S.K.: 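Here's a structure for you.
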Amino acid sequence: MAEKFDSVVVGGGPAGIAAAYTMAKAGLNVLVLEKGEKPGAKNMFGGVIFRHHTEKIAPEFWKTTPIERHVVEYQYWLMTKESHLLMSHRNQKFNKTYNAFTVHRAKFDPWFAKLAEDAGVVIINRTTADGVIKENGRVVGVKTERGDVMADVVIAADGVNSMLSKQAGLRDDPPLDAMALAVKEVIALPKQKIEERFNLGPEEGVAALLVGWGRGMHEGFMYTNRDTISLGIGISLKDLDESGQRPHILYEEFKNHPSIAPLVRDGELKEYSAHLIPEGGYDYVSRVYADGMLVVGDAAMLVNAINWEGTNLAMTSGTLAAETVIEAKKKGDFSSHTLEKYRQKLEESYVLKDLRRYRNVPKFFSNNKQFFNLYPELANELAYIWHLVDGETKEEKMKRIKSELFKRRSRFGLLSDAYHLWRLLA
Ligand SMILES: Cc1cc2nc3c(=O)[nH]c(=O)nc-3n(C[C@H](O)[C@H](O)[C@H](O)COP(=O)(O)OP(=O)(O)OC[C@H]3O[C@@H](n4cnc5c(N)ncnc54)[C@H](O)[C@@H]3O)c2cc1C
């Protein structure tokens, strides 16, 4: 491992592979270090990858990629302990122009990595980068248990905990309210059963977000794969810390909810995993460049939690970092003066534009938990009153609905919530 590379990329997830692939295509000599036995071996997500960003790297990738289903319906569940109100958007346009695909990372990541290998990237698995090597304050390589590897630019793509960028002084541990813990099960069911239960065609899939079932800032997620369902929850670390609740117990409560249990009934547990999500948004994006070093994807905290997007930000940031290295190589200058262009590229792209646009949203929801509890509860109660045929006139029902509403949240509170939500999102 004495060879010097144009770039060493630490981490074989979507961010690292997108960066490595782009540099190799431009003729650079690139090494990827991946601590898992293969890319994807240690990775988990919800989830979906997006056509738009993936196809920039691999046109019509869905014809050869191990995808599960293309998403035709997005569901939003407002829940209480015993009920749910479901809003969903299904559109045949998603059958004509694909938007997102459910995938298993253990299958998708190796396929994505092979693309980079075919472009000339060397990937060494089962190798952990233990830290950066600095000379005169400039990053010049990484340490591994198998020896040192030198490079003009080190790209930290080592995910949410990014030991590398912390050790290089580019990032601290974020506060608890900027992180969420996700717990997920993959549950196997016959393909036909999934299609019957979710009213789907043979290749079609559903992506669902579920709130209100817990007692805090908890979200549930559900994705249909070919013959499995990915079911899980995400909980703010601050919320877990303050409430003392146990994630696995919360997950069991969620899975046994009377509206969820029938969807996974008789399913066989295939996989159980947990992972952190950097949900803090724009204000917690790390420093992304230094002399001889760039940071991409989750390592830089680039996740758009509002829109459930992460892999696309990872791929885009990887590509933009790679383009910056290619320019630096042409100039022969790998100092932060040249590498800071990467931050500018991020600012000019949807990655930081979206995160900047919604920068106050994570804090707003963290301080306004009524959106996770009170409003789902109210929506369900009002729907119940409206549907119950009990001799009450419709006029009396409307009065009861209004009085229930204002009993639970003052007029001022309701108006203020609606106003702030509009200001934040519109
Ligand atoms: C529960 C959950 C649901 C999600 N759902 C979605 C979704 O539906 N759609 C979406 O787009 N995004 C989703 N995300 C976010 C998405 O998974 C991430 O944003 C994305 O995976 C980030 O890619 P990355 O390459 O930066 O990091 P990762 O995918 O985490 O990859 C990092 C890689 O680095 C390796 N590594 C770490 N440390 C070292 C080291 N020291 N040396 C060598 N290798 C190392 C790891 O093994 C790993 O392979 C979800 C995340 C979670 C947790």
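It should be emphasised that the depicted structure is a prediction, and the values quoted were computed from it without experimental measurement. In listed order, ligands and their atoms are each counted from 1.
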S.K.: Any idea which protein heavy atom is nearest atom 45 (C) of ligand 1, and the distance to it?
M.R.: Lys35 CG, 3.8 Å

S.K.: Which of the listed options, Phe45, Phe221, Phe50, holds the heavy atom that is closest to atom 6 (C) of ligand 1?
M.R.: Phe45

S.K.: Counting only heavy atoms, which portion of Ala15 has something under 4.0 Å from ligand 1: side chain, backbone, both, or neither?
M.R.: both

S.K.: Are any of the side-chain nitrogens in Glu195 or Lys191 under 4.0 Å away from the carboxylate oxygens of its partner?
M.R.: yes

S.K.: Is it the side chain, the backbone, both or neither of Asn43 that has a heavy atom closer than 4.0 Å to ligand 1?
M.R.: side chain

S.K.: In the protein, what heavy atom is nearest to atom 1 (C) of ligand 1, and what distance, to one decimal place, separates them?
M.R.: Ala182 CB, 3.2 Å

S.K.: Are a donor atom and an acceptor atom from the side chains of Asn43 and Asp109 found within less than 3.5 Å of each other?
M.R.: yes

S.K.: Can you say whether the rings of Phe101 and Trp62 are parallel (under 30°), tilted (30 to 60°) or perpendicular (over 60°)?
M.R.: parallel

S.K.: With Val71, which of Asn99, Thr102, Thr224 fulfils side chain to side chain contact (heavy atoms under 4.5 Å, CB included)?
M.R.: Thr102

S.K.: May I ask you to identify the nearest protein heavy atom to atom 34 (O) of ligand 1, giving residue, atom name and distance to one decimal place in Å?
M.R.: Gly11 CA, 3.2 Å

S.K.: Under a plain distance cut-off of 3.5 Å, with no hydrogens placed, do Gln370 and Asn368 share a side-chain donor-acceptor pair?
M.R.: yes

S.K.: Do Asp291 and Ser335 have a side chain donor and acceptor closer than 3.5 Å?
M.R.: no

S.K.: Just to confirm my output: which protein heavy-atom neighbour is closest to atom 29 (O) of ligand 1, and how far is it?
M.R.: Arg105 NH2, 2.7 Å

S.K.: Would you tell me whether Ser83 and Thr80 have side-chain atoms, one donor and one acceptor, within less than 3.5 Å of each other?
M.R.: yes

S.K.: What protein heavy atom lies closest to atom 15 (C) of ligand 1? Include the residue and the distance to one decimal.
M.R.: Gly310 CA, 3.9 Å

S.K.: State the atoms of ligand 1, each with its element, that fall below the 4.0 Å cut-off from a heavy-atom position in Gly159.
M.R.: 27 (O), 30 (O), 32 (C)

S.K.: Please state which option from Ile124, Asp158, Leu276, Asp130 has its nearest heavy atom closest to atom 39 (C) of ligand 1.
M.R.: Asp158

S.K.: Taking 4.0 angstrom as the limit and counting only heavy atoms of Val10, give me the atoms of ligand 1 inside it, by number and element.
M.R.: 40 (C), 42 (N), 43 (C)

S.K.: Atom 41 (N) of ligand 1: which protein heavy atom is closest, and how many Å away?
M.R.: Ala129 O, 3.1 Å

S.K.: Indicate, as side chain, backbone, both or neither, the part of Thr311 found under 4.0 angstrom from ligand 1 when only non-hydrogen atoms are considered.
M.R.: both

S.K.: Specify side chain, backbone, both or neither for Tyr223, according to which of its non-hydrogen atoms lie closer than 4.0 Å to ligand 1.
M.R.: side chain

S.K.: Any atoms of ligand 1 less than 4.0 Å from a non-hydrogen atom of Trp308? List them with their elements.
M.R.: 7 (C), 9 (N), 10 (C)

S.K.: For Asp172, is there an ion pair with Lys166 - N to carboxylate O distance below 4.0 angstrom?
M.R.: no

S.K.: For atom 32 (C) of ligand 1, what's the nearest protein heavy-atom neighbour? Residue, atom name and distance, please.
M.R.: Ala157 O, 3.4 Å

S.K.: Do Glu73 and Ser88 meet the criterion of a side-chain donor-acceptor pair at a distance under 3.5 Å?
M.R.: yes

S.K.: If the cut-off is 4.0 Å to any non-hydrogen atom of Val303, which atoms of ligand 1 fall inside it?
M.R.: 19 (O)

S.K.: Have Thr228 and Asn225 got a donor and an acceptor in their side chains that come within less than 3.5 Å?
M.R.: yes

S.K.: Out of Asp298, Ile277, Thr102, Thr127, whose heavy atom is nearest to atom 52 (C) of ligand 1?
M.R.: Ile277

S.K.: Classify the ring geometry of His89 against Phe94: parallel below 30°, tilted from 30° to 60°, perpendicular beyond 60°.
M.R.: perpendicular

S.K.: Return the residue, atom name and 0.1 Å-rounded distance of the protein heavy atom closest to atom 49 (O) of ligand 1.
M.R.: Glu34 OE1, 2.6 Å

S.K.: Does Pro14 have a non-hydrogen atom less than 4.0 Å from ligand 1?
M.R.: yes

S.K.: If we count only N and O atoms by modelled type, under 3.5 Å, do the side chains of Tyr350 and His53 hold a donor and an acceptor together?
M.R.: yes

S.K.: Of Gly297, Gly47, Gly46, which has the heavy atom at the shortest distance from atom 5 (N) of ligand 1?
M.R.: Gly46

S.K.: Once the angle between the rings of His218 and Trp213 is folded into 0 to 90°, is it parallel (under 30°), tilted (30 to 60°) or perpendicular (over 60°)?
M.R.: tilted

